[in-house]
Amino acid sequence: MYRSRIMGIGMYVPSRVVTNHDLSTKMETSHEWIVERTGIEERRWVSEGETGTDLATKASREAIERAGLQPQDIDLIIYATLSPDFMFPGTAVFVQRALGLKEIPCLDIRQQCTGFIYGLSIADAYIRSGVFKTILMIGSEVHSTGLDVSTAGRDITVLFGDGAGAVVIGRATDDKHMILSTHIHADGSEAEILWTEYPASARNPRISAEAMAERKHYPSMNGKKVFKHAVTRMPAAIMEGMMANGIKSIDEIDMVIPHQANLRINQMVGKMIGMPEHKMHNNIMKYGNTTAASIPICAHEAVQLGKIKPGDLVCLVAFGAGLTWGSAFVRW
Ligand code: UT7
């Protein structure tokens with residue numbers, strides 16, 4: 001049986017910076033409120049015509065280059081998103097085309113903020129079984145074209161940013177660089193506490209003037225409930241991974257890269273597991289919540305800053321809509 005490793009990582013965010021002040025000119029909010037509750041100072045939103053495929057393709061090219069490979073070496077693309085470019089087909093095929101690839105399989109997955117962890121687990125299983133050798137795993141999101149920028153949507157709109165991150169996952173050649181474990185979970189009993197109801201095939205018609213007048217084509221969230229679940233599930237997922245890998249002390253972990261939903265959530269998780277602040281990297285301040293893209297965007301920055309070095313023991317952990325959550329432990 002083979003084992004897998006992360007061979008290269010890339011990221012791309014749109015150049016358009018949207019500050020908290022910019023948002024306060026469109027809705028009743030303030031820089032102070034947003035920073036105090038979430039830590040977010042600014043986020044990137046796409047410009048006219050820029051798509052999730054565009055962001056993903058740029059992030060992917062960097063990941064492939066850093067892996068020392070060519071696009072032609074990729075034999076599967078996994079694309080995690082909650083904001084596909086179109087209802088169908090999935091977005092991975094557009095990235096395949098943009099990278100100049102032909103015929104390799106393309107798989108879109110829909111696990112929201114946990115999408116990247118789910119994608120890693122799928123890639124890891126395919127590599128372990130020998131079915132595929134080199135997998136491009138992407139998290140890419142364009143939220144901004146689907147957010148309510150009026151005061152009615154302020155609780156959600158201030159949180160989200162656009163961006164993409166990608167990794168190339170290949171066969172491990174030694175035990176110093178390898179994906180050690182992935183653990184994924186879901187609980188659909190409260191699926192509607194964070195969702196977008198329209199347009200939907202479960203509704204006939206899929207979208208209507210009435211639904212739009214009620215703003216049901218925008219995401220809605222019970223923020224307090226989501227917050228409580230996040231600060232329970234993320235520590236549990238970290239502990240689960242530690243136990244599976246025989247990690248007896250939190251000190252053995254070199255860096256935690258949590259999903260970037262809210263700085264306060266991550267600070268609370270850090271305290272709960274006894275992780276010193278310098279061993280948990282966050283960059284939500286600059287990018288907001290980019291859902292499936294947040295972990296690779298954050299890990300990429302940590303690598304660039306030298307906070308993650310080859311061979312380090314890194315814990316990736318996420319929680320999101322569905323509800324879904326999970327962790328991955330990686331020897332970088
Ligand atoms: O990846 C998963 C995605 N989501 C999350 O992880 C989010 C988890 N939840 C949260 O991060 C927090 O619940 C929020 C940051 C979203 C909200 O913080 P909160 O402390 O739960 O605030 P709240 O919803 O209870 O709202 C408090 C007040 C309300 O006003 P009243 O009713 O007290 O008069 C809101 O209307 O703040 C108001 N409010 C705002 N004010 C200014 C809500 N959004 C805003 C805003 N600016 N953007």
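Indexing begins at 1, ligand by ligand and atom by atom, following the structure's order. Side chains included, hydrogens not; waters and symmetry mates left out as well; all remaining heavy atoms used.
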Of Cys113, Ser24, Gly223, Ala230, the residue with the heavy atom nearest atom 8 (C) of ligand 1 is Gly223
May I ask you to list the atoms of ligand 1 that are less than 4.0 angstrom from any heavy atom of Phe319?
1 (O)
I'd like to check which ligand 1 atoms, numbered from 1 as shown, lie under 4.0 Å from a non-hydrogen atom of Val226.
4 (N), 5 (C), 6 (O), 8 (C)
Criterion side chain to side chain contact (heavy atoms under 4.5 Å, CB included) on Glu301 and Lys286, from CA distance to verdict:
CA-CA 11 Å; Glu301 185 175 275; Lys286 292 192 287 186; 2.6 Å; yes
Kindly confirm or rule out an N or O of Met221 lying under 3.5 angstrom from an N or O of ligand 1.
no
How far is atom 24 (O) of ligand 1 from its nearest protein heavy atom, and which residue and atom is that?
Lys224 NZ, 4.8 Å
Please confirm whether Thr38 comes within less than 3.5 Å of ligand 1 when only nitrogen or oxygen atoms on both sides are compared.
no
Closest protein heavy atom (residue, atom, distance) for atom 35 (C) of ligand 1:
Arg154 NH2, 3.9 Å
Looking at Asn262, which atoms of ligand 1 are within less than 4.0 Å of one of its heavy atoms?
10 (C), 11 (O), 15 (C)
For ligand 1, which atoms sit closer than 4.0 Å to a heavy atom of His259?
1 (O)
May I ask you to check whether Ser30 has an N/O atom sitting below 3.5 Å from an N/O atom of ligand 1?
no
Within ligand 1, which atoms have a heavy atom of Asn289 less than 4.0 Å away?
1 (O), 3 (C)
